[in-house]
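This report refers to the structure that appears directly beneath it.
So you know, we letter chains A, B, ... as the sequences are listed, proteins then strands, and number each from 1. Not measured: the values here are computed from a predicted model.
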There are 2 protein chains.
Amino acid sequence: MSSKKPTIYDVSRLAGVSIATVSRVLNTPDKVNPETRQRILEAIDSLQFMPKAEARARALQSTGRIGVITPFFTAPSFVQRLRGIASALGREKYELIIYTVESSAHLQSYLVSLPLTGNLDGLIIVSLAVEAAPMRRLMEAGIETVFIEFPHPDISSVQIDDVVGGRMAAEHLLQKGHTRIAFLGDTDLPEYAMHPVSMRLMGFRQAMQAAGLQIPPEFVRLAPYTHEKALQAAAELLQAPQPPTAIFAATDFQALGVLKAARQMQVKVPEQLAIIGFDDLDMAEYADLTTIRQHLDESGRLAVELLLTRLADPSRPPQHIHLPLQLIQRQTT
Amino acid sequence: MSSKKPTIYDVSRLAGVSIATVSRVLNTPDKVNPETRQRILEAIDSLQFMPKAEARARALQSTGRIGVITPFFTAPSFVQRLRGIASALGREKYELIIYTVESSAHLQSYLVSLPLTGNLDGLIIVSLAVEAAPMRRLMEAGIETVFIEFPHPDISSVQIDDVVGGRMAAEHLLQKGHTRIAFLGDTDLPEYAMHPVSMRLMGFRQAMQAAGLQIPPEFVRLAPYTHEKALQAAAELLQAPQPPTAIFAATDFQALGVLKAARQMQVKVPEQLAIIGFDDLDMAEYADLTTIRQHLDESGRLAVELLLTRLADPSRPPQHIHLPLQLIQRQTT
DNA sequence: AGAAAAGGTGAAAGCATTTTCATTTTATGC
DNA sequence: GCATAAAATGAAAATGCTTTCACCTTTTCT
C-alpha cells in the first residue's frame with residue numbers, strides 16, 4: 001500500500017540514530033557498536049530499505065542497454081524494421097529502448113544527451129542523418145553505433161541501394177513493354193530524415209533515360225504519405241488525356257493507394273495499368289502487389305548483429321552491409 | 001594531464017555560463033540559445049566531461065523509465081498499440097523500454113526481475129495474463145502498472161469488451177439478412193497470453209442464438225495467424241456444398257486472407273459473400289473492409305495517460321477504461 | 001509606440017548519500 | 001580516582017547534478 005520509497009532518514013528515525021550511523025552500517029559496519037548495528041539492520045529490513053541511487057547507478061552501468069533512434073513510426077516500414085530489431089534482441093540480455101524523433105530539434109537533443117547521460121552500450125539509428133560533431137561525441141562516449149539507411153565511413157551500417165532499386169522497378173516495367181510510366185513519391189521529407197524516395201526517383205530516371213525515354217514532368221507526382229493523397233494523385237494521373245500505362249510508386253503504402261484508385265475507377269490491373277511498389281511490406285503480399293523487396297525485418301536484425309559483434313569485440317572494424325534488393329513479381333504487373 | 005574528473009562546474013567556468021545552463025544543455029537542449037549551447041558543447045568536448053550517473057540519479061528523483069511488456073509483435077495490432085504508446089510518451093521525459101515476450105517462462109522471468117532490477121517507474125502490460133504473486137511483487141516494488149486487455153480489480157486497465165464486439169459483428173450481418181454465417185478465428189493462443197478471439201466467438205454465438213440460429217460446427221474455423229492459412233480456411237468454407245453467405249473473421253488480418261480467397265475464387269464481395277473483420281487496422285481502410293473498430297492506437301495512448309496520472313499522484317484510485325467499439329461499415333458487407 | 005508574451009539565464013534550493021569533524025561516552029593505565 | 005586514549009555517534013558540510021523561481025532580454029502584437 002505505502003508506495004513511498006524509504007530513505008536513510010526513515011531508517012535512522014526508526015532506529016533512533018542519526019543518518020550518519022545508518023550510512024556507516026552500510027559502508028563500514030565494524031565502526032559501529034554491534035548492538036546499534038543490530039537495531040539499524042532490523043530497521044533496514046523492516047522498511048525494505050535499499051540504497052537506491054547506488055543500486056541504480058550500478059545497474060545502469062553494466063546492464064546492457066541498446067537504444068534505437070527512429071523517426072516517429074507512422075510508416076509501416078519503420079515498424080517492420082523495429083520488429084526485426086526486437087526479434088534479434090529478444091533473447092539477448094540487452095534492454096531495448098526506443099527513442100522516437102519527431103523533429104530535427106528533437107533529434108539533436110537526443111544526440112546531445114544520449115552519449116552523455118544515456119548510459120547506452122549501443123545505438124541503432126534508423127533513417128536519420130547525423131552530423132559529424134554529435135557523431136564524434138557518440139564515439140568518444142564509447143557507444144557503439146550502427147546506422148540503417150545512412151552511410152558513414154567510420155560507422156557500421158546497413159544500407160540498401162535505393163538508386164538501383166528505382167532502376168530495377170523501371171527496368172521491370174520497361175521490359176513489360178511500358179513506355180508511359182509515371183512515378184509517385186511522398187513529400188514527407190523532414191529535413192532531419194533520409195529521403196530514400198528521391199534516390200528511387202533518380203534510379204527510375206536513369207533507367208528511363210537509358211531506354212531513351214522522356215518522362216513528362218506531369219508524370220512525376222509527389223503526395224503526402226497517406227492512402228487518400230496517393231489515391232488522389234493516382235486518380236489525377238489516370239484522368240489525364242494521355243494517362244500512363246504503368247505507375248511506379250516509391251513506397252508500397254502509396255502503391256496500395258494507387259491500387260485502390262484503379263479499383264474505384266474500374267481500371268483493370270495489370271491489363272490497363274501496371275503498378276509496382278517498393279519495400280515489400282506485409283500488406284504487399286496480401287494485395288498481390290509486385291514490388292521491390294528490401295527486407296525490412298532483415299535490416300533490423302542485421303543492425304543488431306553488427307552491433308553485438310562490435311560490442312563483443314570492439315577491435316572489429318566497422319562493416320557496411322548492403323542488403324540486396326529483389327524484384328517480387330506478383331499480380332499487378 | 002590534469003587528473004581530476006571534470007564536473008559540471010568546470011564546464012560552466014570554461015564556457016562562461018552558470019552550471020544551470022550546462023545542465024540544461026544536457027537535459028533540455030532546446031531551452032538554451034543555440035550559440036550558448038554550441039559554446040557549452042565545445043567546452044564539454046574539450047574537457048571530455050562525463051556526468052556522473054550516480055549524482056544524476058540522486059537529483060533526478062524519478063528514474064524516468066517506463067516499460068512495456070508485450071507478446072512478440074508479429075501481429076499488426078500489437079504494433080498499432082505500441083505506436084499509440086510511443087506517441088503518447090513522445091514528449092514526456094520518460095524512456096520507453098520494450099520487453100517482448102515469447103514464452104510463458106520468458107514472461108515469468110521478466111516479472112521476477114523487473115521489480116527488483118528493472119528500475120522502472122511504470123509498466124504497461126499488453127495482452128498478457130499475470131498471476132497474483134508476481135503482481136503483488138510489482139506493487140510492493142512501487143511500480144505503477146497498467147494492463148491492456150487484462151482486467152484486474154486493483155490495477156488500472158484499458159479494456160475492450162470482445163464479447164460485445166463479437167455480438168456487434170454478428171448482429172450487423174444478421175441485420176443484412178445473412179443466416180449462414182461462418183466464424184474464422186486464430187489458433188495462436190499461447191498459454192501466457194490473453195485470447196480475445198475466444199470472447200469474440202462467444203459474442204458471435206450469443207447473437208446467433210438470440211436470433212434463433214444454429215451455427216453448424218463446420219462453420220467455426222480456427223487457423224494460424226497468417227494470410228495463407230486464413231485464405232485456405234476461407235477457401236474450404238467456400239467450397240463446401242452449402243457455403244456461408246457471410247464470414248466473420250475475428251481479426252482484420254485474417255479477414256484480409258478471406259478477402260483474397262474470395263477474389264481468387266471469383267466470389268463477389270459483398271454480393272455473394274459478406275466479410276466483416278475486427279480491429280480496424282490501418283490496412284482495413286485500404287481494403288475497404290467492414291470491421292469492428294477497437295481503436296488500437298487510442299488504447300496505447302490511454303494506457304500511458306493512466307500511468308502518468310498515477311505517477312503524478314499515486315493516491316488516485318486505479319481506473320478501468322472500457323474503450324467503446326464501433327462498427328465501421330465499408331464495402332465488404 | 002507601448003504592452004504583453006516568450007525566450008534565455010543564473011542563484012539557490014533540493015536530492016540521498018558519504019565524509020569530515022567535533023563531541024560524547026566508554027575503556028584503560030597508573 | 002583521574003587523566004587519557006579509544007570508540008561511538010551526530011551535526012553539518014560536501015558531493016555533482018536537476019529544477020524552480022525570479023529576473024532580464026527579446027520578440028510579437030496592437
* Minimum-distance nucleotide (side-chain atoms of B:K52 versus D:dC17, D:dT19, C:dT18) -> D:dC17
* Asked: What is the nucleic acid contact for A:L26, judged by heavy atoms within less than 4.0 Å: base, sugar-phosphate only, or nothing?
  -> nothing
* **Phosphate OP1/OP2 of D:dT18: any B:R56 side-chain N/O under 4.0 Å** => yes
* To do: Search all heavy atoms of B:L120 against all heavy atoms of B:I143 and return the closest pair with its distance.
  => O-CG1, 3.7 Å
* **A:E140 atom CD, over 12 foreign heavy atoms within 6.0 Å** => yes
* Asked: Nearest to the side chain of A:T21 - D:dA12, D:dT9, D:dC17?
  -> D:dT9
* Asked: Touch check for B:S23, heavy atoms < 4.0 angstrom, all strands: base, sugar-phosphate only, or nothing?
  -> base
* **A:S156 and A:Q319: side chain donor to acceptor below 3.5 Å** => no
* Structure fact -> Walking DNA chain C from its 5' end, the first of B:A55 and B:K31 to be reached, judged by nearest nucleotide, is B:K31
* Asked: Within this structure, what is the CZ-to-P distance between A:R24 and D:dA12, rounded to whole angstrom?
  -> 15 Å
* To do: When you get a sec, tell me which of D:dT9, D:dA12, D:dT19 is the closest nucleotide to the side chain of B:N27?
  => D:dT19
* NA contact type, A:V17, heavy-atom cut-off 4.0 Å: base, sugar-phosphate, or nothing? -> sugar-phosphate
* Whole-Å distance between D:dT9 P and A:N33 CG? -> 5 Å
* Would you mind telling me which of C:dT17, D:dC17, C:dT9 lies closest to the side-chain atoms of A:I19? => C:dT17
* **Spacing between B:D10 atom CG and D:dG16 atom P, to the nearest angstrom** => 9 Å
* Out of D:dT9, D:dG10, C:dT9, which nucleotide sits closest to the side chain of A:T36? -> D:dT9
* To do: Answer with yes or no whether the side chains of B:D282 and B:Q80 bring together a donor and an acceptor at under 3.5 Å.
  => yes
* Asked: Is any side-chain nitrogen or oxygen of B:S18 closer than 4.0 Å to OP1 or OP2 of C:dT9?
  -> no
* **Nucleotide of C:dT17, D:dG16, D:dG10 approaching A:Y9 most closely (side-chain heavy atoms)** => C:dT17
* Is it true that the side chains of A:T309 and A:D313 contain a donor and an acceptor less than 3.5 Å apart? -> no
* **Nearest-angstrom distance from the residue atom CZ of A:R13 to C1' of D:dT9** => 18 Å
* Among D:dT18, C:dT19, C:dA16, which nucleotide sits nearest the side chain of B:I8? -> D:dT18
* To do: Quickly work out the A:I44 CD1 to C:dA16 C1' distance and round it to whole Å.
  => 14 Å
